[in-house]
Asks: 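Take this structure first; my questions come after.
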2 protein chains.
Amino acid sequence: MAVLSKDNGVALYAQVRETLRNRIVNGSYQPGERLPAEEALTAEFGVSRMTVRQGISDLLDEGLLYRKRGIGTFVAQRHVHRDHNRLTTFFDSAESESFEARIAVLKQEVLLSRHLVARSLNILEGEPVFHIQTLRFADGLPITLHDEFIPYKLCPEMLDHDFTQVLSWEALERCGFRIKQAVQRVEAIAADGQTAKLLETEIGAPLLYKERTVVAEDGTPLEFALCYNRGDRYSLTTTLTR
Amino acid sequence: MAVLSKDNGVALYAQVRETLRNRIVNGSYQPGERLPAEEALTAEFGVSRMTVRQGISDLLDEGLLYRKRGIGTFVAQRHVHRDHNRLTTFFDSAESESFEARIAVLKQEVLLSRHLVARSLNILEGEPVFHIQTLRFADGLPITLHDEFIPYKLCPEMLDHDFTQVLSWEALERCGFRIKQAVQRVEAIAADGQTAKLLETEIGAPLLYKERTVVAEDGTPLEFALCYNRGDRYSLTTTLTR
DNA sequence: CTTATCCGGTTGTCTATACAACATAATTTT
DNA sequence: AAAATTATGTTGTATAGACAACCGGATAAG
């Protein structure tokens, strides 16, 4: 029997969601098993059916549950249900994949945008942008050369930041922007001389090249980045849905 | 003034959603503009507030709209709002990116699974699997070498398929499986002799290597695939969310 | 003038209820 | 025995209303 707290500031549907999530991850509800019907959950939690549905809805999106109309709600098999399409920082991944992260700042400057950068940031050619070039190390080995562009007008105080510790995103959030999503395109390219040297690899070595545009809640482009990742040390996982 | 049809089989909230979507794409609602409040939409469409909310909710997920509590619902800037995390077939992408698609079947056999394949499909080592190896051409040029593995027991009638025309997914759906999502991991590797020859490129050329596991609604792995994509002719776009 | 309070508008959460659509199993009819 | 019908349980859609939380601006108090 579950007890929900009425006044701890957490919405009831969120409490329902987390209670169900716990039961799934700790095995009270086994993969493939049918959950109690909405009516039963309604009775158990002492909330209305719509509230139960709202809680379940989130778990459906996560792929932890699936439903069959007229049949029931079921726990999905363990195999996948991970959402790999979350926007994370280099330090975040370092923590979840447990490697030691270090960032070296190679360049930190203001320059005038052109072609690709201007177009991606949806600004006029010639508008000033920050350019931050960093080299990123995992467990002491270089894995990514990172070129990042941010419109100057968005966040002028960006200049006095130590980008070895504070990421540009935090700076952007301090300027009042809420980062919402990013679109990135990856392809495989061969390392040129300059890049190979920085990444301590051979000319022609395969690199995972990534272009990423980060946008705010309202769709304004906040950042455009080019990443050259060492192919032998970097992989990218995504989840696709039908 | 919008008129919703009560009995055309389309849910009211879906009609609300599509009506709003149209107004956004055709510019009746401009980027950045505030939508009429839920109350107003309720009145206009002649449906209840929860129905309006359900319709809006989908557009929020798509990033077409965003909300600020206490303020309103707004149209996002045009820039991004495309969901690139949809599971599509080779022929689907051919249509949307308008290139001519052709598939050559190199191998079509049943073999015994081991290591990576067995683990990815969540079956025992030694269980039989279909192996379908294809070479895929865009506008006549080879771009992808595709190795695909499907547990034999899922769909024995898979043997008599012409995989130049019918994709394995259609076969799986005919066997009653509903493909739900896929997890894929990409990295950049160098082409070996065999692969280089098939893809008509040089040994050592950068390839975008992709491992993909496709799972059904209930989380059962249906297919595991290895794709070797020519780096200079293939790129992959994904959308990440905070 | 500045600060504090109030007010109206908006989205967020929640309730209680009703009927539709669908799937399975049991029952009845043929 | 087979087919059609009915019954029952489940999720899907929709309603009408209520109050909470939040924001911004207007108003009042200092």
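Chain letters run A, B, ... following the sequence lines, proteins first, then strands; residues in each count from 1.
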Asks: Whole angstroms only, please: what is the CZ-C1' distance between A:R17 and C:dC14?
Replies: 16 Å
Asks: Search all heavy atoms of B:H84 against all heavy atoms of B:T237 and return the closest pair with its distance.
Replies: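 Closest pair (atom of B:H84, atom of B:T237, distance): CB-O, 3.4 Å.
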Asks: What's touching nucleotides 4-8 of chain C from the protein side, N or O pairs under 3.5 Å?
Replies:
none

Asks: Salt bridge or not between A:R23 and A:E33? Use side-chain N to carboxylate O under 4.0 Å.
Replies: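 Here A:R23 does not pair with A:E33 in a salt bridge, since their nearest N and O are not under 4.0 Å apart.
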Asks: Using atom OH of B:Y66 as one end and atom P of C:dT11 as the other, report the distance to the nearest whole Å.
Replies: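 To the nearest whole Å, that distance equals 13 Å.
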Asks: Check the interface with nucleotides 12-18 of chain D: list each N/O to N/O pair with the protein under 3.5 Å, or write none.
Replies:
{"residue": "D:dG12", "atom": "OP2", "partner": "A:R53", "partner atom": "NH1", "Å": "3.2"}
{"residue": "D:dG12", "atom": "OP2", "partner": "A:R53", "partner atom": "NH2", "Å": "3.3"}
{"residue": "D:dG12", "atom": "OP2", "partner": "A:R67", "partner atom": "NE", "Å": "3.4"}
{"residue": "D:dG12", "atom": "OP2", "partner": "A:R67", "partner atom": "NH1", "Å": "2.9"}
{"residue": "D:dG12", "atom": "N7", "partner": "A:R49", "partner atom": "NH2", "Å": "2.7"}
{"residue": "D:dG12", "atom": "O6", "partner": "A:R49", "partner atom": "NH1", "Å": "3.0"}
{"residue": "D:dT13", "atom": "OP1", "partner": "B:Y13", "partner atom": "OH", "Å": "3.0"}
{"residue": "D:dT13", "atom": "OP2", "partner": "B:Y13", "partner atom": "OH", "Å": "3.4"}
{"residue": "D:dA14", "atom": "OP1", "partner": "B:L12", "partner atom": "N", "Å": "2.3"}
{"residue": "D:dA14", "atom": "OP2", "partner": "B:L12", "partner atom": "N", "Å": "3.2"}
{"residue": "D:dA14", "atom": "OP2", "partner": "B:Y13", "partner atom": "N", "Å": "3.1"}
{"residue": "D:dT15", "atom": "OP2", "partner": "B:S48", "partner atom": "N", "Å": "2.7"}
{"residue": "D:dT15", "atom": "OP2", "partner": "B:S48", "partner atom": "OG", "Å": "3.1"}
{"residue": "D:dT15", "atom": "OP2", "partner": "B:T51", "partner atom": "OG1", "Å": "2.6"}
{"residue": "D:dA18", "atom": "N6", "partner": "B:R49", "partner atom": "NH1", "Å": "3.3"}

Asks: Which residues pass the salt bridge (charged side-chain N to carboxylate O under 4.0 Å, His left out) test with B:R69, sequence neighbours left out?
Replies: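 If we apply the salt bridge (charged side-chain N to carboxylate O under 4.0 Å, His left out) test to B:R69, skipping adjacent residues, there are no hits.
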Asks: If I compare all heavy atoms of B:E173 with all of B:I179, which pair ends up nearest, and what's the gap?
Replies: OE2-N, 3.5 Å
Asks: With rounding to the nearest 0.5 Å, note down the distance linking CD in B:Q184 to OG1 in B:T213.
Replies: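 Rounded to the nearest 0.5 Å, the CD-OG1 separation comes to 9.5 Å.
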Asks: Whole-Å distance between D:dG9 P and A:L41 CG?
Replies: 17 Å
Asks: Looking at B:R86, I want to see if its CZ is surrounded by more than 12 non-hydrogen atoms of other residues, nucleotides or ligands under 6.0 Å.
Replies: yes
Asks: State plainly whether the residues A:R119 and A:E211 are in salt-bridge range, i.e. N to O under 4.0 Å.
Replies: no
Asks: Taking CZ from A:F74 and P from D:dT10, how many angstroms apart are they, rounded to a whole number?
Replies: 11 Å
Asks: Can you tell me how the ring of B:F90 sits relative to the ring of B:F99, calling it parallel under 30°, perpendicular over 60° and tilted otherwise?
Replies: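 Aromatic pair B:F90/B:F99 classed tilted.
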